[in-house]
Amino acid sequence: MSDQDLSSTIEDHALEQVPASARQGWLALSWNTAGIVTTLVQLFLGALVTFVAGFKIAIMAGLLVTVCGSLLGWACGHVAYRSGLSSTVMSRYYGFGQKGSIISSLIFAFMIIGFLALENALLYQGFLFYFNLADTLTTRIIIYGLLSVAWVFLTAYGFALVARVSSVTLVLFLFVIAYITYVVVSGVSHSAGDLTSYGSQFPTEVLKGMGIDSDVSKFIFCVNVLIGSAGALALVDADLGRYARSSRDIGIAALIGNLMMDILMLGLGGIIMYAGIPALIDFYMNTGGMTREAAEKATLQSPDSIAAAFIVFGGGIGALLMVLAQGKAQVINTYSASLSLSNLFDAFNWRPGRLVFVIFANLIGLLMLYGQILALVNSWITMLGVLTTAFAGVIVADFFIVRGLFKGGEAEISKAAEMVNWAGVATAISAVLISHYVLNSYIPVEFFSTLLICLVMYPVLRLTVFKPSTEFQRAFSKF
C-alpha cells in the first residue's frame, strides 16, 4: 500500500462524502450496530429493568424501544446514506449550519468519549477482580495504557478494520455468552417458564422509593432506562450509514442493533442474573466476608457487578467474555468519537487528520477517569439521551419535512453550508428545556416529547422566522 493510499485509509472520508466504490451492504454495517450495544453495561441494564418490573413488562418495554430506536436510527442513517457524511458533518447541511454543528459535535463527542471512559473503567475493574490486583497507580498506568493503545491501533485504519474487528469479536462474544448462559441455567432448578416470567425482585418499599407503584409505572421506568440509548445509537447509525449502499441496508443494520440491545441483551441480562444470583451472593459472603444483606445489594449495584458475575460463573471464559464485550464496543466508540472531533475542530479550521483525533479521544477518556467528569457523565446520562435525541430530531425534521416540501430540497454538499442555522439551534435547545423541565411530569418519557417538539417546532421556525440565507433562499421564497 502506497503512502497516499495509507493516508486515505486512515483519514476514512472523515470530512467528506463516502464514494460509491466504498459503500457496504447491511451485513458489514450490522457488525458495528450490533457490536456497540452487546456490552456488559447493556446486560446490567437488562438485569436492572427485569428485576424492577419483572421479565414480561421489561420485554414489552424493550419491544417499544426497539421500534422507536430502529425508526429513528433508520431515519438518521438514511440521511447519512444520501449525503455520504457522518452524523456531525451532515448536521452542517441538515439542521445546524457550519458553526452551529459545533453544538452537535460537542454533545456527541462528550457523550461518546464519556462511554469510552466508563467502559474502560469497567474493564479495569474486571481485570482487578480476575487477577486479584491492587488498585495502584502503576496498575492503572499499565492497564489503561494498554487498553488505549489497543483502541487507537484498531481504530486508526478506518471503517474496514473496525468492521472486521467487530465481526470477529461479535461472533466470539455470542458463542461465549451462550456457553455461560447454559452453565448458569443448567446449574439451577428453574424451568424455562420461570426464567422468562418472573416478577419484580425488589421489595415494595424499594419500588415506592423509586416512584414505582403500578405496572404502568414499571413500564415507564423500563422505557426511560432503555430509550436513552436510542438517540445515541441513531447517531452511530448515521456514522455507519454513510457507508451504506442503500437505505434498506442501514435500515436493517439499525433494526439489528436495536434488537440486540433491547431484546437479546435485556433478556440475557435478566435470565443470567436471576438464575445466577444465589451463587453470586454465596460467593460474596464466602470470599468477601459480606453479610447476606450486603451481598444481595452488591449483586446489582453497578455494571461492575455484571463483570464480577461473569468471572464468578465462567472463570477464564467469563473474563474472555468481558474483554470481547467491551473491546468491540470501545473500537466503535473511538471511531465515532474521532469523527465528531474531526468536525468540531474543522469548524475552527484545524484539520490535523482523523488519526490525531483517534488519539485525542482516548487521551480525553483517560483524563475523565481522574477527574469529576466521569461522575458528570454518569449523572447526565438521561440528559445526554435527551440532547442526542434533539440533535437527531432536528436533522430528521430538516431532511424529511422541510426539504420534502419543495423540489430539489436536498442539501448541495458540494457548496458551503450556511454559517448558523438558527432554527435548528433554537429548536434543539427549546426541545431539551421544555421536555426535561416543563413537560417531564406530564410526559415522563422525555424521548417522545423531545422528538415531537423537534418535528413540529423546527419546520415552523425554518419556514417562517429563520429562513435560510444561502442556497435554498430561492426555494423557500416560493412559500
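The structure displayed is predicted, hence computed values, not measured ones.
Of all non-hydrogen atoms in Val52 and Ser200, the two that sit nearest each other are O-OG, 2.8 Å. Between Ala34 and Leu170 the shortest heavy-atom distance is CB-CD2, 3.7 Å. Minimum heavy-atom separation, Gly270 to Tyr198: O-OH, 3.0 Å. Summarising the geometry of Cys222 relative to Ala61, their closest heavy-atom pair is CB-CB, 3.5 Å, with the distance given to 0.1 Å. Arg92 and Ala347 get closest at one heavy-atom pair: NH2-N, 4.2 Å. Across all non-hydrogen atoms, the minimal contact from Ala337 to Ile113 is CB-CG1, 3.8 Å.
Using a 4.5 Å heavy-atom cutoff, the side chains of Asn343 and Ser86 are not in contact. Residues Val79 and Val396 form no side-chain contact, since every pair of their non-hydrogen atoms from C-beta on lies 4.5 Å or further apart. Using a 4.5 Å cut-off on side-chain heavy atoms (C-beta onward), Ser197 and Lys56 make contact. You'll find the side chain of Gln201 stays beyond 4.5 Å of the side chain of Phe55, heavy atoms only. You'll find the side chain of Thr181 reaches within 4.5 Å of the side chain of Ile177, heavy atoms only. Counting heavy atoms from C-beta outward, Phe108 and Val236 have side chains that approach closer than 4.5 Å. Looking at Leu71 and Val67, their side chains come closer than 4.5 Å, going by heavy atoms from C-beta outward. Using a 4.5 Å cut-off on side-chain heavy atoms (C-beta onward), Phe399 and Arg82 make contact.
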(message) side-chain contact (heavy atoms from CB on, under 4.5 Å), that's the test. Do Tyr93 and Ser83 meet it? Break it down for me.
(response) CA-CA 9 Å; Tyr93 300 92; Ser83 66; over 6 Å; no
(request) Applying side chain to side chain donor-acceptor pair (under 3.5 Å), run through Asp239 and Tyr335 and close with a yes or a no. (result) CA-CA 9 Å; Asp239 284 343; Tyr335 180 71; over 6 Å; no
(message) Run Asn258 and Thr66 through side chain to side chain donor-acceptor pair (under 3.5 Å) and show every step you take.
(response) CA-CA 5 Å; Asn258 280 275; Thr66 295; 5.7 Å; no
(request) Run the numbers on Thr155 and Arg354 for side-chain contact (heavy atoms from CB on, under 4.5 Å), then give the verdict. (result) CA-CA 10 Å; Thr155 314; Arg354 192 183 66 87; 4.1 Å; yes
(message) side-chain contact (heavy atoms from CB on, under 4.5 Å), that's the test. Do Leu387 and Phe391 meet it? Break it down for me.
(response) CA-CA 6 Å; Leu387 287 166; Phe391 173 20; over 6 Å; no
(request) For side-chain contact (heavy atoms from CB on, under 4.5 Å), just list the numbers for Leu439 and Ile453, CA-CA rounded to whole Å, side-chain angles, deciding distance to a tenth of an Å, and then say yes or no. (result) CA-CA 11 Å; Leu439 297 178; Ile453 290 169; 4.2 Å; yes
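With Thr33 contributing its side chain and Ala253 its backbone, the two residues share a donor-acceptor pair below 3.5 Å. A donor-acceptor pair under 3.5 Å links the side-chain atoms of Gln326 to the main chain of Leu40, judged by distance alone. Between the side chain of Thr39 and the backbone N or O of Gln42, at least one donor-acceptor pair lies under 3.5 Å. A donor-acceptor pair under 3.5 Å is formed between the side chain of Lys328 and the backbone N or O of Thr38. When atom types are taken as modelled, the side chain of Ser104 and the backbone of Ser101 share a donor-acceptor pair closer than 3.5 angstrom. The closest donor-acceptor contact from the side chain of Arg23 to the backbone of Tyr81 lies under 3.5 Å. Put simply, the side chain of Tyr144 never gets that close to the backbone of Tyr124: no donor and acceptor are under 3.5 Å apart. Of the possible polar contacts, none joining the Arg403 side chain to the Ala397 backbone as a donor-acceptor pair under 3.5 Å is found. Of the possible polar contacts, one joining the Asp249 side chain to the Trp26 backbone as a donor-acceptor pair under 3.5 Å is found. Counting only distance, with no hydrogens or angles, the side chain of Thr50 and the backbone of Ala47 share a donor-acceptor pair below 3.5 Å.
Between Leu455 atom CG and Thr450 atom OG1 the span is 10.5 Å, to the nearest 0.5 Å. The CG atom of Leu45 lies 6.5 Å from the OG atom of Ser229; values are rounded to the nearest 0.5 Å. In this structure, Asn120 CG and Gln330 CD are separated by 4.5 Å, a value rounded to the nearest 0.5 Å. To the nearest 0.5 Å, atoms CG (Asn362) and OG1 (Thr334) are separated by 4.5 Å. Taking CG of Leu195 as the start and CD1 of Ile272 as the end, the distance is 10.5 Å to the nearest 0.5 Å. Distance CG/Leu324 to CZ/Phe173: 8.0 Å, rounded to 0.5 Å.
By the side chain to side chain donor-acceptor pair (under 3.5 Å) test, Ser247 is found to be paired with Trp74, His78, residues two or more places apart in sequence or in another chain being considered.
Under the 30°/60° scheme for interplanar angles, the aromatic rings of Phe51 and Tyr274 are found to stand perpendicular.
The side chain to side chain contact (heavy atoms under 4.5 Å, CB included) test with Trp31 is passed by exactly one of Val162, Val171, Val168, Val165: Val171.
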